[in-house]
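Presented below is the structure to which this report refers.
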Amino acid sequence: MEIYSGGQGEGRQFEGSALADDNGRFVLETTVPMTGPRLTETATNFRQGTSEFSFPVSLIASAARLVCVSAASYARNILAPGSIVAAFGSRLVEGTGRTDLPLPESSAGVSVKVVDATRIEKPARLYFVSPSQVNFVLPEDAATGWAVVRLLSATGEVHVCPIEIARVAPGLFTASGSGRGPAAGTILRVSSDGSQTYESLDRPIDLGSETDRVYLLLYGTGIRGRISLEAVEVNVGGVRAPVTYAGPQSQFPGLDQANVLLPQMLRGRGEVEVSLVADGQPANPVRVSIR
């Protein structure tokens, strides 16, 4: 890959070259600032020669570092459309604040836009802003492939983060908010007479009588793009548990939910690990306790 600077699509100033991997990804490190204002590239292989110049993209010379992760699992870089993202940086805003529904596209002078693989810039909606962290929802219509998150801070500074957008990138929220430990969720108990009650996960799960149906409702993000319900698999303590729903949670943008029927054979197991896989992609493991 050869990188050039120029005014439009021409290769006026050669900036350097790098070797791409099998997926076309590469990193070009320079010791001096690039000329700009736009960058183009050509791709060369020894069998087919050199490509035409790529579509020109604007160079952001003053961009500051930003790290983007799943707000549930804290897994980096690979994110799904419609998922909740946590972006970490510095001097993003003065003060701290949570936003109300419907989520705004800017808060306290901060805005986030995503330039996806189609090179279209799309605004993201914000959940939370603070000097070192901004949580937002990746646009539902973001195209899969490589993309760039651009965060405009309250001071006018641009912060950027390269990400890869995939159809699914499952993550489960935890009670600690760290992506590890006890699951964030609730219990739905359906009794033999059809009555339903909701119970907290703050105490061990009681599977009740043999006629009770006890569902574990897990909260996560990056799950809704799964091919089908059958493509979502959950194991609780090594036991395959039926998944009756896996998709958007109706109240909060970007929040997903997986409803899992707990087998009676788990009775008395104590603390167990819960693993979720969607379209072959594993989420972070979480834990629950069963009486």
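Given the structure is predicted, the values throughout are model-derived calculations rather than measurements.
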* To do: Identify whether the distance between the nearest side-chain nitrogen and carboxylate oxygen of Arg150 and Glu121 falls below 4.0 Å.
  => yes

* Asked: Applying the 4.5 Å side-chain criterion to the ILVMFWY set and letting contacts propagate, would Val148 and Val158 be lumped into a single cluster?
  -> yes

* Stepwise, does the side chain to side chain contact (heavy atoms under 4.5 Å, CB included) test hold for Asn135 with Leu126? -> CA-CA 6 Å; Asn135 286 10; Leu126 308 183; over 6 Å; no

* Asked: Does one hydrophobic cluster hold both Leu255 and Leu218, with members joined at side-chain heavy-atom distances below 4.5 Å?
  -> no

* To do: To the nearest 0.5 angstrom, please state how far the CD atom of Glu15 sits from the CD atom of Glu2.
  => 12.0 Å

* **Interatomic spacing from CH2 in Trp146 to CD1 in Ile163 - rounded to 0.5 Å** => 9.5 Å

* Could you walk me through whether Leu79 and Ile165 pass side chain to side chain contact (heavy atoms under 4.5 Å, CB included), step by step? => CA-CA 5 Å; Leu79 303 164; Ile165 300 177; 5.6 Å; no

* First locate atom CG of Leu207, then atom CZ of Arg269, and finally report the distance between them rounded to the nearest 0.5 Å. => 11.0 Å

* To do: Please confirm whether the backbone N or O of Pro104 pairs with a side-chain atom of Arg125, one donor and one acceptor, at under 3.5 Å?
  => no

* Is any NZ, NE, NH1 or NH2 atom of the basic residue among Arg224 and Asp256 found under 4.0 Å from an Asp or Glu carboxylate oxygen of the other? -> yes

* State the CG-CD1 distance between Leu172 and Ile223, to the nearest 0.5 angstrom. => 5.5 Å

* Mark yes or no for whether Ser70, through its side chain, and Ser73, through its backbone, hold a donor-acceptor pair below 3.5 Å. => yes

* Asked: Under a 4.5 Å cut-off applied to non-hydrogen side-chain atoms, are Tyr127 and Phe252 in contact?
  -> yes

* Of all heavy-atom pairs between Val168 and Gly225, which one has the smallest distance, and what is that distance? -> CG1-C, 3.3 Å

* Asked: Do Val114 and Leu138 have side-chain heavy atoms sitting under 4.5 Å apart?
  -> yes

* Asp212 side, atom CG; Ser195 side, atom OG - distance, nearest 0.5 Å -> 8.5 Å

* More than 12 heavy atoms of other groups within 6.0 Å of Asp193 CG -> yes

* Closest contact, heavy atoms only, Ser107 versus Val129 -> OG-CG2, 3.9 Å

* side chain to side chain contact (heavy atoms under 4.5 Å, CB included) between Tyr245 and Val243, worked out -> CA-CA 6 Å; Tyr245 176 79; Val243 180; 6.0 Å; no

* Please determine, by modelled atom types, if Thr44 and Thr50 share a side-chain donor-acceptor pair under 3.5 angstrom. => yes

* **Main-chain N/O of Arg47 paired to Asn45 side chain as donor or acceptor, under 3.5 Å** => yes

* Do side-chain atoms of Ser54 reach the backbone of Glu41 as a donor and acceptor pair under 3.5 angstrom? -> yes

* Structure fact -> For Ser130 and Thr96 the tightest heavy-atom approach is CB-OG1, 3.7 Å

* **Whether Asp116 side chain and Ala147 backbone form a donor-acceptor pair below 3.5 Å** => no

* Find out if a path of hydrophobic residues (ILVMFWY) with successive side-chain heavy-atom gaps under 4.5 Å connects Ile84 to Tyr219. => yes

* Over 12 foreign heavy atoms within 6.0 Å of NZ, Lys122 -> yes

* Should Arg76 and Cys68 count as side-chain neighbours, where that means a heavy-atom distance under 4.5 Å? -> no

* **Heavy-atom closest contact (Thr99 atom, Phe128 atom, distance)** => OG1-N, 4.4 Å

* With a 3.5 Å cut-off and no angle check, do the side chains of Ser289 and Glu271 form a donor-acceptor pair? -> no

* Kindly say whether Gly208 contributes a backbone atom to a donor-acceptor pair with the side chain of Arg267 at under 3.5 angstrom? => yes

* Please report the closest heavy-atom contact between Pro253 and Gln251, naming both atoms and the distance. => CD-O, 4.0 Å

* Asked: Do Leu216 and Val288 touch side chain to side chain, with heavy atoms closer than 4.5 Å?
  -> yes

* **Main-chain N/O of Gly254 paired with Thr221 side-chain donor or acceptor, under 3.5 Å** => yes

* Kindly indicate whether the side chain of Asp206, heavy atoms from C-beta on, has any atom under 4.5 Å from the side chain of Pro204. => no

* **Pair Tyr4 + Phe53: ring centers closer than 6.0 Å** => yes

* **Smallest separation among heavy atoms of Ala258 and Leu276, with atom names** => CB-CD1, 3.9 Å

* **CZ/Arg180: more than 12 non-hydrogen atoms of other groups inside 6.0 Å** => no

* Can you find a pair of side-chain heavy atoms, one from Val137 and one from Ser83, that are under 4.5 Å apart? -> no

* Check: Tyr74 side chain, Gly177 main-chain N or O, donor-acceptor pair, under 3.5 Å -> yes

* Where do Ser153 and His159 land on the side chain to side chain contact (heavy atoms under 4.5 Å, CB included) test, with the steps shown first? -> CA-CA 7 Å; Ser153 73; His159 301 249; 3.9 Å; yes

* Val134 side chain near Phe88 side chain, heavy-atom distance below 4.5 Å -> no

* Would you say Leu19 has more than 12 foreign heavy atoms packed within less than 6.0 Å of its CG? -> no

* Asked: Val112 and Leu101: same hydrophobic cluster, using ILVMFWY side-chain contacts below 4.5 Å?
  -> no

* Asked: For Ala43, does its backbone N or O pair with a side-chain atom of Ser51 as donor and acceptor, under 3.5 Å?
  -> yes

* Considering only heavy atoms from C-beta outward, does the side chain of Val277 approach that of Val232 to under 4.5 Å? -> no

* same_hphob_cluster(Leu39, Met1) at 4.5 Å side-chain heavy-atom cutoff -> yes

* Structure fact -> Rounding to 0.5 Å, atoms CZ (Arg189) and CZ (Arg213) come to a distance of 12.5 Å

